[in-house]
Protein chains: 2
Amino acid sequence: MAKELTLDKLTLAAKTLKVLAHPVRMKIVEFLGDGEQNVSSIQKHIRLQQAVTSQHLKLLLVHNLVNKRREKNFIYYRKNTDIIAGIINCVRDCTPGK
Amino acid sequence: MAKELTLDKLTLAAKTLKVLAHPVRMKIVEFLGDGEQNVSSIQKHIRLQQAVTSQHLKLLLVHNLVNKRREKNFIYYRKNTDIIAGIINCVRDCTPGK
DNA sequence: GGCAAATATAATAATATTTCAATAAAGAAA
DNA sequence: TTTCTTTATTGAAATATTATTATATTTGCC
């Protein structure tokens, strides 16, 4: 149950956690739910510029919080539930004792 | 189970989450555990300058992640477990479905 | 009161993040 | 191939965060 976390591990954990800690990215992750959505849908749903949407998606992707898949010329994003679940555990582990 | 989160709520949640998303602050929160520690102890444990420690503590305090209590001229910090637990739920709620 | 110890604040500098605007890339479809 | 649609990238500007340094505040004790 993760008693001792090194600064290195904490740094890594904080980095991943930080990716989620942005209103737009949280909105995206929430919108994805258990399914998948293409960039246009996401963009329309959040009412954000295309480039900005793309940039946030990239960040989520690079940090492995989401996966992407191409179909025709749409790109569908989906949550990487392992990592999302991992973040929950990270928060829990970083606050031991309850 | 927080099905619909408004952008406002997400923004607020992200803001709080962001406070935790920093290696030093996570280290502090981890060090606090279920007990309390004064600033000097925290500072020595994390090997950080006094001013920086104080600033991070302030941030945690302002966002209600910790409480403080004075005894003599030491100030003891303690986790606000409600909020910490709330963050865990926040992460869970913002990633519905698992 | 005056001094020392512990903690806080403020101003600035250094860095990092986010947005914006324009352009590029990749695939579909004619 | 040409063009259209969707998504990605890039560089610069705007903002936000973090560290640094110096100074201030608060309290206990003499």
Side-chain angles (χ1 to χ4, degrees), chain A residues 7-8 10-29 31-32 35-80, chain B residues 7-8 10-29 31-32 35-79 87:
Chain A
L7 189 64
D8 280 358
L10 275 167
T11 301
L12 200 64
K15 208 169 280 184
T16 304
L17 198 55
K18 193 175 186 178
V19 176
L20 200 62
H22 187 285
V24 165
R25 293 190 293 268
M26 273 173 67
K27 192 83 181 165
I28 289 174
V29 169
F31 181 53
L32 290 181
E36 56 180 18
Q37 299 286 344
N38 63 55
V39 180
S40 300
S41 303
I42 296 170
Q43 178 196 330
K44 274 166 202 148
H45 184 256
I46 315 187
R47 298 165 158 281
L48 211 61
Q49 284 179 259
Q50 187 271 318
V52 178
T53 308
S54 195
Q55 283 160 355
H56 284 293
L57 283 170
K58 172 108 189 245
L59 207 59
L60 288 167
L61 187 70
V62 162
H63 286 82
N64 255 292
L65 272 72
V66 299
N67 303 313
K68 75 180 189 183
R69 167 182 85 82
R70 173 182 285 275
E71 182 179 318
K72 298 199 169 191
N73 52 2
F74 286 87
I75 297 202
Y76 291 90
Y77 283 86
R78 163 187 293 278
K79 282 190 324 198
N80 179 343
Chain B
L7 189 64
D8 281 357
L10 275 167
T11 301
L12 200 63
K15 208 169 280 184
T16 304
L17 198 54
K18 193 176 189 178
V19 176
L20 201 62
H22 186 285
V24 165
R25 294 190 292 269
M26 274 173 66
K27 192 82 179 164
I28 289 175
V29 169
F31 181 53
L32 290 180
E36 56 180 18
Q37 298 287 344
N38 63 53
V39 180
S40 300
S41 302
I42 295 169
Q43 178 195 329
K44 273 166 202 147
H45 183 256
I46 314 187
R47 299 166 161 280
L48 212 60
Q49 284 179 261
Q50 187 270 318
V52 180
T53 309
S54 196
Q55 282 162 357
H56 283 294
L57 283 170
K58 173 105 189 247
L59 206 60
L60 287 167
L61 187 69
V62 162
H63 286 82
N64 254 292
L65 272 72
V66 300
N67 304 314
K68 76 179 187 183
R69 166 181 86 81
R70 174 181 284 274
E71 183 180 317
K72 298 200 169 189
N73 52 1
F74 286 86
I75 297 201
Y76 291 89
Y77 282 85
R78 163 186 293 278
K79 283 190 323 201
I87 287 181

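Computed from a predicted structure; not experimentally measured. Computed over heavy atoms, backbone and side chain alike; hydrogens, waters and symmetry mates excluded. In the text below, chain A, chain B and the rest are named by the order of the sequence lines, each starting its count at 1.
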- Message: Measuring only between side-chain heavy atoms, which start at C-beta, is B:Leu32 closer than 4.5 Å to B:Ile42?
- Response: yes
- Query: Taking the side chain as C-beta and beyond, is there a heavy-atom pair between A:Leu57 and A:Lys68 under 4.5 Å?
  - Reply: no
- Query: Which part of the nucleic acid, if any, lies within contact of B:Val39, taking any heavy atom under 4.0 Å across all strands shown: a base, the sugar-phosphate backbone alone, or nothing?
  - Reply: sugar-phosphate
- Query: At under 4.0 Å, does any side-chain N or O of A:Ser54 touch on OP1 or OP2 of D:dT9?
  - Reply: no
- Separation of atom CD1 in B:Ile75 from atom P in D:dG28, rounded to whole Å: 11 Å
- Query: What are the two closest non-hydrogen atoms of A:Asn67 and A:Lys79, and how far apart are they?
  - Reply: ND2-O, 4.1 Å
- The residue, B:Leu57 or A:Lys18, whose nearest nucleotide of DNA chain C is more 5′ is B:Leu57
- What integer distance in Å separates A:Glu71:CD from C:dA28:P? 10 Å
- Message: If the cut-off is 4.0 Å, is B:Gln55 near the phosphate of C:dA8, judged by side-chain N/O to OP1 or OP2?
- Response: no
- Distance below 4.0 Å between B:Tyr77 side-chain N/O and C:dA8 OP1 or OP2: yes
- Task: Return the minimal non-hydrogen interatomic distance between A:Pro23 and B:Thr11, and the atom names on each side.
- Result: CB-OG1, 3.6 Å
- Give a yes/no on whether any side-chain N or O of B:Lys58 is located under 4.0 angstrom from OP1 or OP2 of C:dT9. yes
- Query: Rounded to whole angstrom units, what separation is found between the NZ atom of A:Lys72 and the P atom of D:dT7?
  - Reply: 13 Å
- Ranking C:dT7, D:dT26, D:dT7 by distance to the side chain of B:Arg70, first place goes to D:dT26
- Task: When you get a sec, tell me which of C:dA5, C:dA28, D:dA19 is the closest nucleotide to the side chain of B:Asn73?
- Result: C:dA5
- Checking C:dT7, C:dA22, D:dT7 against the side chain of A:Gln50 (C-beta onward), the nearest is D:dT7
- Atom CD of B:Gln49 to atom C1' of C:dT9: distance rounded to whole Å? 15 Å
- Query: Just to confirm, is there a sub-4.0 Å distance from OP1 or OP2 of D:dT7 to any side-chain nitrogen or oxygen of A:Lys68?
  - Reply: no
- Item | Step-by-step side chain to side chain contact (heavy atoms under 4.5 Å, CB included) determination, A:Leu65 to A:Thr16 | CA-CA 8 Å; A:Leu65 272 72; A:Thr16 304; 3.8 Å; yes
- Do B:Leu20 and B:Val29 touch side chain to side chain, with heavy atoms closer than 4.5 Å? yes
- A:Leu59 CG to D:dT10 P, in whole Å, measures 15 Å
- Message: Quick check on C:dA6: is either OP1 or OP2 less than 4.0 Å from any side-chain nitrogen or oxygen of B:Tyr76?
- Response: no
- Message: Between P on C:dA8 and CG on B:Leu48, what's the gap in Å once rounded to a whole number?
- Response: 14 Å
- Query: Could you give the CZ-to-P distance, from A:Phe74 to C:dA28, as a whole number of Å?
  - Reply: 11 Å
- Integer-rounded Å distance: C:dT7 P and B:Leu61 CG: 14 Å
- Message: From C-beta outward on B:Arg25, which listed nucleotide comes closest to its side chain: C:dA29, C:dC20, D:dT18?
- Response: D:dT18
- Message: D:dT18, OP1 or OP2 - any side-chain N/O from B:His56 closer than 4.0 Å?
- Response: no
